[in-house]
Amino acid sequence: MPSDTPDPGAIAAAVRILQDARKLAVLTGAGMSQESGVPTFRDELTGLWATFNPTELATESAFRRNPARVFSWYVTRLSRVRDVTPHEGYLSLVTMERHFDRVVVITQNVDGLHTRSGSRHVLEIHGSLERFRCLDAGHPYDRDVLELADGEEMDDGEMFEPPLCTECGSPVRPGVVWFGEMLPESEVELAWQAAADADAMLVVGTSAEVFPAADLPRITAASGAKVIEINPSVTPISSYADVCCRGTAARALTAISVELEHQLSLG
Ligand code: NAD
């Protein structure tokens, strides 16, 4: 049975690493947002729109085949993440920033919660639900797509045709990275740089099954820097992480932030 509350010994070991670090990289996945009520990928398979296979919703060909269905699924997800509040683990990451020269948060999440909670350097390598653009030319869509629902709460399965780009008439698509697509070039370059330059990396709530993001902790480890994993379950990262905090993101990050503050106050 995975544990929610991390072992104090693991928290202390993580803090010892962080006390010596100047440059911190943080890699987060869907587990980071679970305690804010955003389902993980696995949860989504049984929850939101469970009758559809998410892999069939998250491709360009699926969008071309059925633009209303795919567009509506993303508008529904956006509407749900706008309703959630970033949990205390998000805020702990922001609090910890003052102890480092630089903290770069690299997230696979598309929910925008790191940015909303105030993290300064966020790289959204899988895109964001908050951004839409046109399918053919990539022109940004600058209206709020939730206005299409006229402010009404949407029911699962309610369909909206995507609006058309005002510049070229092509349908508007979500600004997330779909299966088979390249990751955004500039974010990827900065993420790889941050992983290679970091003195330590916190890896939070990722199953490490989606590549190339799953390679990032290995890059940090290969440079001789330390890797700290926060996850209630064992993942492929656990085999080489320097410390594994077996607990949830909110509990472990809060415990680390409080203990780091305490140790630094002792001088
Ligand atoms: P994943 O669903 O494959 O794995 C989630 C991981 O989080 C698991 O290892 C699980 O043990 C762990 N976990 C669950 N609850 C946790 C908690 N409270 N605290 C800490 N860890 C917890 O997610 P992934 O590795 O990010 O890969 C899935 C892909 O799906 C990614 O590309 C991601 O962009 C996308 N996705 C994003 C969101 C989001 O934006 N919030 C949600 C679902 C899926």
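Read the numbers this way: they start at 1 and go in the same order the structure lists the ligands and their atoms. Because the structure is a prediction, the values reported are computed rather than measured.
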- prompt: ligand 1 versus Thr248, non-hydrogen atoms closer than 4.0 Å: side chain, backbone, both, neither?
  reply: both
field: Nitrogen or oxygen of Gly29 less than 3.5 angstrom from that of ligand 1
entry: no
query: With a cut-off of 4.0 Å, which atoms of ligand 1 are near a heavy atom of Asp111?
result: 39 (C), 40 (O), 41 (N)
message: Any side-chain to backbone donor/acceptor pair from Glu60 onto Trp178? Under 3.5 Å, distance only.
response: no
- prompt: Ser233 heavy atoms, cut-off 4.0 Å: which ligand 1 atoms fall inside?
  reply: 11 (O)
- prompt: Which word best sums up how the rings of Phe132 and Phe71 line up, parallel for under 30°, tilted for 30 to 60°, or perpendicular for over 60°?
  reply: perpendicular
message: I'd like to know if the side chain of Ser33 and the backbone of Ser36 have a donor-acceptor N/O pair within less than 3.5 Å.
response: no
- prompt: Just which atoms of ligand 1 are under 4.0 Å from any heavy atom in Val110?
  reply: 39 (C), 40 (O)
- line: Heavy-atom proximity to atom 16 (C) of ligand 1, picking from Gly89, Ser238, Gly31, points to Gly31
query: Just heavy atoms, cut-off under 4.0 Å: does Val38 contact ligand 1 by side chain, backbone, both, or neither?
result: side chain
- line: The option among Ile230, Val177, Asn231 carrying the non-hydrogen atom nearest to atom 9 (O) of ligand 1 is Asn231
- request: Measure from atom 5 (C) of ligand 1 to every heavy atom in Gly205, Ser36, Ser128 and give the option owning the shortest one.
  value: Gly205
message: Between Val188 and Ile219, is there shared hydrophobic-cluster membership here, with clusters defined by ILVMFWY side-chain heavy atoms closer than 4.5 Å?
response: yes
message: Please list, in number order, the atoms of ligand 1 under 4.0 Å from a heavy atom of His126.
response: 31 (C), 32 (O), 34 (O)
- request: Number the atoms of ligand 1 from 1 as they appear, then name those within less than 4.0 Å of a heavy atom of Gln34, with their elements.
  value: 15 (N), 17 (C), 18 (N)
- prompt: Where the closest heavy atom to atom 19 (N) of ligand 1 is concerned, which of Gly112, Ala249, Ala58 has it?
  reply: Ala249
task: Please check if atom CZ in Arg82 has more than 12 non-hydrogen atoms from other residues, nucleotides or ligands closer than 6.0 Å.
output: yes
- request: Please confirm whether Arg77 makes a cation-pi placement over Trp73, using NZ or CZ under 6.0 Å from the six-membered ring centre and within 45° of the ring normal.
  value: yes
query: Evaluating non-hydrogen atoms only, which member of Met32, Gln108, Glu35, Arg80 is closest to atom 34 (O) of ligand 1?
result: Gln108
